[in-house]
Amino acid sequence: SAVVTFGWGVRPLHTIRKAFPSLQTKAYLEIGKLCLRDECPRNSETWFLSRAIRLCHSVFPELALIWTWADGILGKPGYVYQAANFAYGGYIWTETYLDAAGIRVHPRTVQGLSRKPGAAGRGTRSADATEAMGLTKWWGKQFRYVFPLCGKRRWRALMHESPFDWTQPYPKDHDL
């Protein structure tokens with residue numbers, strides 16, 4: 001059993017324009033989740049992902065690329081995307097929060113929780129507000145990947161306009 005979700009993140013136009021200024025949201029989709037059962041044979045993720053992307057491109061032929069992030073903060077440098085020949089475009093620093101039980105809480109959830117009556121911080125992720133909620137803040141990297149669906153000439157043009165270097169070496173465990 002396997003599942004992959006395609007869609008957009010919270011700010012789709014901002015995301016694509018920051019990396020590729022000439023593109024619109026209709027030119028890309030983002031991988032939200034990718035999950036396979038542990039019992040699946042080795043390399044199943046890459047096999048499944050390639051077929052899912054091929055199907056997605058057949059349904060939406062105007063797509064120029066597939067975008068995704070690998071959660072380095074969770075110890076994942078993106079080996080599945082590397083094996084599938086995604087281009088790597090560097091990383092960003094990001095934050096996450098853990099509650100007392102070690103459960104991950106997304107930063108936007110923290111902002112919402114701090115808006116509730118009686119909460120400290122009033123919609124912020126300040127140290128005072130998060131500590132009052134019993135949360136611990138963690139910093140880590142998110143690794144940026146794209147899979148070009150357009151032709152080589154267009155991909156070269158997109159790489160040229162991008163502020164990110166899409167030819168750099170892939171991150172490994174020591175880069176986490």
Measuring only between side-chain heavy atoms, which start at C-beta, is [X] closer than 4.5 Å to [Y]?
X      : Y      : answer
Tyr28  : Glu30  : yes
Ile66  : Phe6   : yes
Trp138 : Glu95  : no
Tyr97  : Thr109 : no
Phe164 : Met159 : no
Val110 : Thr130 : yes
His106 : Thr96  : no
Phe86  : Gln82  : no

- In plain terms, say whether Asp173 and Lys76 are close enough for a salt bridge, that is, a side-chain N and a carboxylate O under 4.0 Å apart. no

Look only at the side chain of [X] and the backbone of [Y], and say whether a donor-acceptor pair between them is shorter than 3.5 Å.
X      : Y      : answer
Asn43  : Thr46  : no
Asp71  : Ile73  : no
Gln168 : Asp165 : yes
Gln24  : Leu13  : no
Arg154 : Ala64  : no
Ser162 : Leu158 : no

Enter the distance from [X]:[atom1] to [Y]:[atom2] here, rounded to the nearest 0.5 Å.
X     : Y     : atom1 : atom2 : value
Leu29 : Thr5  : CG    : OG1   : 10.5 Å
Arg37 : Ser44 : CZ    : OG    : 12.0 Å
Leu55 : Ser50 : CG    : OG    : 11.5 Å

Do [X] and [Y] share a hydrophobic cluster, counting only Ile, Leu, Val, Met, Phe, Trp and Tyr and linking them when any side-chain heavy atoms are less than 4.5 Å apart?
X      : Y      : value
Val10  : Phe20  : no
Trp155 : Leu149 : yes
Ile16  : Ile92  : yes
Val105 : Trp93  : no
Val3   : Ile53  : no

- Note on the structure: From the list Trp67, Tyr88, Tyr91, Tyr79, ring pair (Phe, Tyr, Trp, His ring centres under 6.0 Å) with Tyr145 holds only for Tyr88

